[in-house]
Amino acid sequence: MTNQPNLPVVPENAALLDTVVTKHGMFSPSAGGDTSGFGGLVERFELAPAAMKPFGGWFDDVSDAIVKAAAAKGLPTESVFERVSIDRGEITFFVSPQNLRTVMQVLRDEPSLRFEMCMGVNGVHYPFETGRELHAVYPMQSVTHNRRVRVEVAVSDDNPHIPSIVDIYPGNNWHERETWDFFGIVFDGHPGLTRIEMPDDWPGHPQRKDYPLGGIDIEYKGATVPAPDKRRSYS
Amino acid sequence: MSEQTTHSTADPYAGFTDTTEGRVHTVTGQDWDTITGAAAGQTERLVVNMGPQHPSTHGVLRLILEIEGETVTEARCGIGYLHTGIEKNLEYRTWTQGVTFVTRMDYLSPFFNETAYCLAVEKLLGITDQIPERANVIRVMMMELNRISSHLVALATGGMELGALSPMIFGFRERELVLDLFELITGLRMNSAYIRPGGVAQDLPDGAVEKIRETLDLLPKRLKDTSDLLVDNQIWMGRTVGIGFLDLPTCMALGITGPVLRSTGFAHDLRKSQPYCGYETYDFDVPTVDTCDVYGRFLLRIREMQESMKIVRQCLDRLKPGPVMVEDAKIAWPAQLAVGSDGMGNSLAHIKNIMAESMEALIHHFKLVTEGFRVPAGQVYQAIESPRGELGVHMVSDGGTRPYRVHFRDPSFNNLQATAAMSEGGQVADIIGAIASIDPVMGGVDR
């Protein structure tokens, strides 16, 4: 399982510091030794290392076209993307929240890009990535050019605001509500950002890593049913 | 919310409640005239809740309709009644155990959920090219059989919801033929957890190929029963032609995929445009119609079933003996499953090996089954063409033995957003047809 050809290619001069994170807790080491899972282990791993140009294939065309079109809309060329990463043959553009709407508009409207479909938005919670805990990931598809790219936005837990793109891609309406529901990311400008899967009065955002699995009492018509792990046992 | 409750009839569940938003009436059936009486002379808008328990809403879907007479002026969906937290649960199980969860999402197309999940895991592992040929053929075969059974339910329930009960009985009867095949091959009619990261759980049992061929000979005759009842049937066409209109630009804007998109005349199918599991080597067509309506989508599903049967026949011709799991012993499930006197389980030969012969094999078995394998850190998005459209899996690994985050972009979830565009301005009765043509499965919508 080492030296796999599909693992991300990390150039020597890539900026890696902000992507290496440290994990503590219950897991077993990659090789040998303690397998109990209770050893209080520490492991360092890397998230989405930055790729450097040339990216290869049509990745360069798409990336150049976005930068050029976004620059025409007033974004400084060097800061259109925070980082570009290529992993398993898929390209991810990391974009800051304030640039997101411009980039999305360009992806949809530019004839050389034509990403007609945004396949929704998905949250990922990285509690250890200080200041960038909450990520929103937008998978994009161009039917015309038969291409897929990914746009990723990271915000902090203290200020989890991302501009809504529902007016650009109307199909993202429910997806943004779901991401608000599960992660607590606020999509500013959404026409009606309410919970969609959980009940309206639910406290907390269940897909966050600090939210427990189970252990929540069930309320129904004024009565409370204890969580499965707290119920009486008859065995 | 409920300040005062006054029951106006003897039915304890019917009646009305005065709330801060106004008077809320509950209708339980056969008592609609109590509403029309109460609504008479009201100039304010009338908001009707249809569902979440309603025989015509395709599961626990709640429709919130603002109506003016029989005309729907606004339609909104309320979902979430079947949310089970599968995505959260996946983060607490090994990569292999995840299959057992995802198969329960969209319960009418379990093999698509399993395949999408496994393809994503394999892409993260970088073993996509190492999946044995036989495993890929079996996967394609199971998916296409599943497409037939799923479309049959779409036709059956769609017919039932519009009042055509005979197609419902025929549809479920034919689906049973396909489910019998699933039971023969995987041991279970639904929720099989048969497709696993690296291949499939076990090889086809003896006699499976012959049984599938038999069913394939029978199915076209049986499908004709259903299509004879509905195709060119004036009553059915009166309920479906020109209903639930959704054109190509609207589909694109709303991210609609699957039969609804293909009913606009656009032959977009991921099996052709971004093939997986070797779909590029099969000979099949992507049927389209250009009517953009409920009737067109219904015809499309019938033709897609014919194409699926074509693919299954090709699969049967291609099945060559060989492994059905990757060779890499660090990933492949260590046990050979077999059917014994007490049902399916580890084969006796394997038990003998780990319990009596090889300590290393026992350790290996124990580690891989309890802890699971590791998947290198990274994220992928894998999409496949499910019966309802693009089923996308966004999967993140932190390098551990459990998924860090798995998100299913279920086509039903996305496509249900078209309800308003399809039904506003039309009749109340036409909403049923429009939603039936989207064919949402609430298990997939809510996950």
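Below, chains carry the letters A, B, ... as their sequence lines are ordered, and counting in each starts from 1. What's counted below: heavy atoms across the whole structure, side chains too, no hydrogens, waters or symmetry copies.
- We find the CG-SG distance between L254(B) and C118(A) to be 12.0 Å, quoted to the nearest 0.5 Å.
- Heavy atoms from other residues, nucleotides or ligands lying under 6.0 Å from CD of Q130(B) number more than 12.
- Neither the backbone nor the side chain of L90(B) comes within contact range of chain A; no heavy atom of the residue lies under 4.5 Å from a heavy atom of that chain.
- Using a 4.5 Å cut-off between heavy atoms, L416(B) contacts chain A through both its backbone and its side chain.
- In terms of heavy atoms, Y211(A) sits closest to Y92(B) at O-OH, 3.9 Å.
- Between chain A and the options E91(B), Q274(B), E87(B), the largest number of non-hydrogen pairs under 4.5 Å is found for Q274(B).
- In plain terms, the two heavy atoms of A253(B) and P170(A) that are nearest each other are O-CD, 3.2 Å.
- Rounded to the nearest 0.5 Å, atoms CG (L124(B)) and CG (D87(A)) are 7.5 Å apart.
- Residue contact with chain B, scored on non-hydrogen atoms closer than 4.5 Å, involves the backbone of R208(A) exclusively.
- With a 4.5 angstrom heavy-atom cutoff, F266(B) touches chain A only via side-chain atoms.
- Note: E197(A) CD to T84(B) OG1 = 9.0 Å, rounded to the nearest 0.5 Å.
- Q379(B) is listed as a side-chain neighbour of T92(A), based on a closest heavy-atom distance under 4.5 Å.
- Most heavy-atom pairs under 4.5 Å with chain A, from the set C77(B), G80(B), A418(B), G392(B): that is G80(B).
- For T128(B), no part sits under 4.5 Å from any heavy atom of chain A, backbone or side chain.
- Under the 4.0 Å criterion applied to side-chain N and carboxylate O atoms, R447(B) and E178(A) are assigned as salt-bridge partners.
- Applying a 4.5 Å heavy-atom cutoff, the residues of residues 139-151 of chain A that approach chain B are P139(A), Q141(A), V143(A), N146(A), R148(A), R150(A).
- Heavy atoms closer than 4.5 Å to chain A are found nowhere in N415(B), neither backbone nor side chain.
- Of the listed residues E116(A), H175(A), M117(A), the one with more heavy-atom pairs under 4.5 angstrom with chain B than any other is H175(A).
- The contact between E390(B) and chain A is made entirely by side chain atoms (from C-beta outward), counting heavy-atom distances below 4.5 Å.
- Side chain of R405(B) to backbone of V124(A): no donor-acceptor contact under 3.5 angstrom is found.
- Between F408(B) and N122(A), the closest side-chain pair of non-hydrogen atoms is not below 4.5 Å.
- H407(B) has its ring centre no less than 6.0 Å from the ring centre of F182(A).
- Distance CZ/R409(B) to CE/M119(A): 3.5 Å, rounded to 0.5 Å.
- Using bins of under 30°, 30° to 60° and over 60° for the plane-to-plane angle, the ring pair F128(A)/Y404(B) lands in the tilted bin.
- Under a 3.5 Å cut-off, the side chain of K123(B) and the backbone N or O of R88(A) do not form any donor-acceptor pair.
- Checked by atom type and distance alone, the side chain of Q417(B) pairs as donor or acceptor with a backbone atom of W174(A) at under 3.5 Å.
- Judged by distance alone, the side chain of E90(A) and the main-chain N or O of Y381(B) form a donor-acceptor pair under 3.5 Å.
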